[in-house]
There are 2 protein chains.
Amino acid sequence: MSGERRRRVPRRIREQQIIDVAVQVFARRGYHPASVDEIAELAGISKPMVYLYLDSKEGLFLACLRREAERLVAAFQGAARDVRTPELRLWAGLSAFFAFVAEHRDSWVVLHRQASQLSEAITAEVAQARRAVMAEVAGLVRDGIGEALGPVPVADEEADFVAHALVGAADSLTDWMERHPGESPERVTRRLMNMVWVGMRNVLAGEIWTPPAGSGAPGPEPAGTPGAPAAPEHSVQE
Amino acid sequence: MSGERRRRVPRRIREQQIIDVAVQVFARRGYHPASVDEIAELAGISKPMVYLYLDSKEGLFLACLRREAERLVAAFQGAARDVRTPELRLWAGLSAFFAFVAEHRDSWVVLHRQASQLSEAITAEVAQARRAVMAEVAGLVRDGIGEALGPVPVADEEADFVAHALVGAADSLTDWMERHPGESPERVTRRLMNMVWVGMRNVLAGEIWTPPAGSGAPGPEPAGTPGAPAAPEHSVQE
DNA sequence: GAGTAAATTTACTGGTGAGTAAGATTACGA
DNA sequence: TCGTAATCTTACTCACCAGTAAATTTACTC
């Protein structure tokens with residue numbers, strides 16, 4: 001066959017190669033079922049190299065986590081930078097998120113789906129990453145709404161609520177995108193923004209929608225609309 | 001305590017006891033790190049019993065999955081039944097969901113977080129359960145909007161989009177609830193409904209919100225999509 | 001071309017956990 | 001009372017996999 005001898009490669013590069021493969025394998029199999037042997041083999045290397053460079057399986061996973069999280073956050077912030085209004089920054093951030101996931105599906109799987117049932121350190125890392133994203137989004141929300149709505153005392157709690165809903169929706173829409181390859185990240189973003197933009201303002205300004213009273217529905221009755229009209233009229237001050 | 005001899009128990013009951021424990025352990029540790037030995041021990045039973053009744057670790061997990069999914073769907077549908085308008089049904093369904101998660105956190109963890117990186121059969125089961133939930137929600141959305149908006153041609157695709165966003169948001173808000181124990185499921189539901197109700201109509205009626213044109217908007221999409229046939233990239237109708 | 005540090009390998013250990021064989025014990029009806 | 005079917009246990013096997021010891025080879029420097 002080919003006389004292709006396995007060339008030696010400096011540590012930095014090898015590390016990245018290992019992490020590249022590891023992200024794929026972790027995404028494919030999940031943390032525990034993934035074996036270091038397989039990762040080493042796919043990386044065209046022997047197992048002790050992995051341990052020499054990344055310390056342990058957990059260390060390897062942490063490295064994957066950190067690198068991919070950094071990339072995602074960078075994409076998010078990079079898109080939002082240099083954009084004037086907070087509304088547009090939110091748009092840009094979401095758009096970048098969808099584009100990122102569309103292009104680096106493995107990264108997203110590792111970051112999100114796989115990182116639950118792991119040992120302390122990892123769980124902490126993931127939780128921190130998630131908190132960071134939440135904070136970022138919550139900030140955009142707060143700023144965006146603050147500007148659009150004027151000096152309204154926007155409680156952090158409210159912004160946090162909106163951020164959670166937004167991130168969760170975006171995350172879930174990731175699956176939807178997978179089944180609709182024709183959809184561009186921009187289009188998905190537009191739909192999502194359209195879906196929540198007005199509502200965000202409502203929530204942050206205090207709740208407006210209430211479940212129409214009566215009608216064996218759960219909960220107390222604020223008794224706002226007696227006849228339970230199908231669509232509670234919203235203050236859509238666009 | 002001491003003199004208490006271990007009574008024999010008929011199969012049906014033992015199975016439920018085993019599943020009870022398994023749900024806890026799977027939720028706590030995750031699928032792979034969970035050991036059948038531990039589950040057996042906590043169930044006050046020896047390992048072969050588990051294999052006799054549930055066939056395998058995978059069978060055990062599947063049993064957990066099926067039971068908890070059934071419970072969740074039952075709660076969801078039970079709440080929506082006997083409610084007149086679709087809008088209220090959606091409200092009732094979401095409310096029931098939040099109440100369920102608040103009360104059976106382990107069930108939700110098993111159903112959602114743990115069920116990703118597993119062998120064929122399990123992945124399929126989970127995917128099916130998720131699809132069922134999505135379909136349910138999408139149906140409510142379509143009906144609710146259809147009634148509120150009159151005879152509008154609501155594409156299934158649009159309803160599916162909204163359903164994904166809704167379910168994802170609800171899922172994520174689960175975490176938010178954990179950090180806000182004072183919040184009742186009803187209140188969370190109200191906020192979420194307030195946030196998306198108007199937007200849903202917008203999305204289903206065709207997109208309204210568009211990123212304001214020009215303004216140095218995010219253009220970080222250099223990679224060629226110039227000839228994209230499916231989605232007109234810059235349909236920024238002002 | 002030595003000399004040296006970095007890159008890399010072969011060949012192991014030890015522990016853990018899924019799954020099972022073979023049999024012991026209890027309830028329960030005829 | 002006795003049989004028998006269901007319930008339950010002890011005591012294994014076997015494979016897989018994280019992690020390591022010790023050496024071996026390559027590249028780079030002087």
Select base, sugar-phosphate, or nothing to describe what Ala40(A) touches, counting heavy atoms under 4.0 Å on all strands.
nothing
Could you please name the option among [options] that lies closest to any side-chain atom of [X]?
X: Arg8(A); options: dA18(D), dT25(D), dG19(D); value: dT25(D)
X: Asp37(A); options: dT7(D), dT10(C), dA18(D); value: dA18(D)
X: Tyr51(B); options: dT8(C), dA18(D), dA18(C); value: dA18(C)
X: Pro48(A); options: dA11(C), dT8(C), dT10(D); value: dA11(C)
X: Ser56(B); options: dA18(D), dT10(C), dG19(C); value: dG19(C)
X: Lys57(A); options: dA7(C), dG19(D), dT9(D); value: dG19(D)

SB check Arg142(A) Asp156(A) (cutoff 4.0 Å)
yes
Lys/Arg-Asp/Glu bridge criterion (N-O < 4.0 Å) met for Glu15(A), Arg11(A)
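Salt bridge flag = yes for Arg11(A) with Glu15(A).
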Figure out the [atom1]/[atom2] separation between [X] and [N], and round it to whole Å.
X: His32(A); N: dG15(C); atom1: NE2; atom2: C1'; answer: 14 Å
X: Met49(A); N: dA22(D); atom1: CE; atom2: P; answer: 19 Å
X: Tyr31(A); N: dC17(D); atom1: OH; atom2: C1'; answer: 12 Å
X: Glu58(A); N: dC17(D); atom1: CD; atom2: P; answer: 18 Å
X: Ile18(B); N: dC8(D); atom1: CD1; atom2: P; answer: 9 Å
X: Glu38(B); N: dT16(C); atom1: CD; atom2: C1'; answer: 13 Å
X: Arg12(B); N: dT7(D); atom1: CZ; atom2: C1'; answer: 15 Å
X: Arg11(B); N: dT26(C); atom1: CZ; atom2: C1'; answer: 18 Å

Using OP1 and OP2 only, check whether a side-chain N or O of Arg14(B) sits under 4.0 Å from dC8(D).
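Checking dC8(D) against Arg14(B), a side-chain N or O does come within under 4.0 Å of OP1 or OP2.
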Hey, does the side chain of Tyr53(B) come within less than 4.0 Å of dA6(D)'s phosphate (OP1/OP2), counting only N and O?
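For Tyr53(B), the contact criterion (side-chain N or O under 4.0 Å from OP1 or OP2 of dA6(D)) is not met.
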For the residue pair Trp91(A) and Val83(A), establish whether any side-chain heavy-atom pair is separated by less than 4.5 Å.
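Contact flag for Trp91(A)/Val83(A) side chains = no.
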Within the distance-only criterion (no hydrogens, no angle test), does the side chain of Lys47(B) pair as donor or acceptor with the backbone N or O of Ile39(B) below 3.5 angstrom?
no
Toward the 5' end of DNA chain C, by each residue's nearest nucleotide, Leu52(A) or Lys47(A)
Leu52(A)
Any chance the side chains of Arg131(B) and Gln128(B) put a donor and an acceptor closer than 3.5 Å?
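No, Gln128(B) and Arg131(B) have no side-chain donor paired with an acceptor closer than 3.5 Å.
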